[in-house]
Amino acid sequence: MRNHAKSHLQDSIVEKEEIFDEVYGVSILPWNSKHEWLNVYRKAYSNKLKDQIEAYDAMLDWQRAGDCPLGVMCTRIILQGVIKDKVFHNDVEQSLDVEDLQYIYGGSIMRFLNLLGSKDVASAYGDDKMVMDSLYVKAERIGLPDWIVNVRHKVSHGITLPDIGLLRKLLESKASTNQIETANSEVQHAKQFIK
């Protein structure tokens with residue numbers, strides 16, 4: 001299935017539509033249709049290991065094709081850990097060790113919140129003053145609690161990574177899941193990333 005998907009992506013790259021995004025400029029969509037994107041989105045947020053692996057593989061193919069939105073890349077990075085974490089899927093054949101999961105989860109959280117603090121994102125939304133705001137103020141605007149920003153700071157500046165239990169709690173938290181889903185949805189729909 002994976003080779004077929006790669007072949008299909010390579011064959012259709014010429015047909016892909018270019019779009020203009022205020023943050024990243026001209027981009028070529030990595031998926032072939034709104035239906036394909038929605039199917040992968042549904043599988044990414046499924047509780048079934050098989051669905052999440054399929055979503056991960058599709059997102060990886062999109063990323064390799066180029067111009068993949070950051071929200072999709074962050075979701076893929078999170079899935080990279082989730083599909084290898086026995087806490088989320090007891091049917092995982094080869095689970096990653098705790099340290100590997102800490103790096104994967106911590107890195108994805110940091111990337112996601114760094115996007116929130118990006119100068120390009122602020123100016124794309126017409127709020128150049130937003131650049132001067134702290135990450136806490138920016139997070140509050142979109143409904144993220146302070147403790148999630150604290151986790152990001154510990155990942156970025158701490159001597160040790162946050163406890164795996166805390167990182168898993170963050171991934172399971174309704175606030176972070178809603179924000180990742182909202183970020184993906186807003187980027188894809190409002191910025192017309194879906195054909």
Original post:
Can you name the nearest heavy-atom pair linking D51 to R42, along with the distance?
Top reply: OD2-NH1, 4.4 Å
Original post:
Can you get from I164 to V87 by hopping between Ile, Leu, Val, Met, Phe, Trp and Tyr side chains that sit under 4.5 Å apart?
Top reply: no
**OP:** Give, for atom CG of L49 and atom CG of N90, the distance between the pair rounded to the nearest 0.5 Å.
**Re:** 9.5 Å
Original post:
What is the minimum heavy-atom distance between A55 and A44, and which atoms define it?
Top reply: CB-N, 3.5 Å
Original post:
Taking only residues two or more places apart in sequence, or in another chain, which ones meet K48 in a side-chain hydrogen bond (donor to acceptor under 3.5 Å, both in side chains)?
Top reply: none
Subject >> Within-4.5 Å side-chain heavy-atom neighbours: T75 and Y41 >> reply: no
Original post:
Quick one: CD1 on I83 to CZ on F88, what's the gap to the nearest 0.5 Å?
Top reply: 12.5 Å
Original post:
Heavy-atom distance under 4.5 Å between the side chains of V155 and I109, does that happen here?
Top reply: no
Original post:
Distance-only, no hydrogens or angles: does the Q52 side chain make a donor-acceptor pair with backbone N or O of S46 under 3.5 Å?
Top reply: yes
Subject >> Point-to-point distance, once rounded to the nearest 0.5 Å, from CG of L79 to OH of Y45 >> reply: 7.5 Å
Original post:
In terms of the angle between their ring planes, are W31 and W37 parallel, tilted or perpendicular, with boundaries placed at 30° and 60°?
Top reply: tilted
Original post:
Are T160 and K154 close enough that some pair of their side-chain heavy atoms sits under 4.5 Å apart?
Top reply: yes
Subject >> Non-neighbouring partners of Y136 that pass side-chain contact (heavy atoms from CB on, under 4.5 Å), sequence neighbours left out >> reply: S134, D146, V149, N150, H153
Original post:
Any side-chain heavy-atom pair from V82 and H89 closer than 4.5 angstrom?
Top reply: yes
Subject >> I104 CD1 to D85 CG distance, which is reported to the nearest 0.5 Å >> reply: 9.5 Å
Original post:
Taking C-beta and beyond as the side chain, do R111 and R152 meet within less than 4.5 Å on heavy atoms?
Top reply: no
Original post:
Side chains of W147 and L166: does their closest heavy-atom pair fall under 4.5 Å?
Top reply: yes
Subject >> Value rounded to 0.5 Å, distance of CG in D57 from CD1 in I53 >> reply: 7.5 Å
Original post:
Only one of L161, L167, I77, L170 forms a side chain to side chain contact (heavy atoms under 4.5 Å, CB included) with Y105, so which one is it?
Top reply: L167
Could you go through residues 91-102 and list every donor-acceptor pair under 3.5 Å that involves a side-chain atom there, pairing it with any protein atom two or more places apart or in another chain?
from	atom 1	to	atom 2	distance (Å)
S95	OG	K84	O	3.1
D97	OD1	E99	N	3.2
D97	OD1	D100	N	2.8
Q102	NE2	P162	O	2.8

Subject >> Whether over 12 other heavy atoms sit under 6.0 Å from K50 NZ >> reply: no
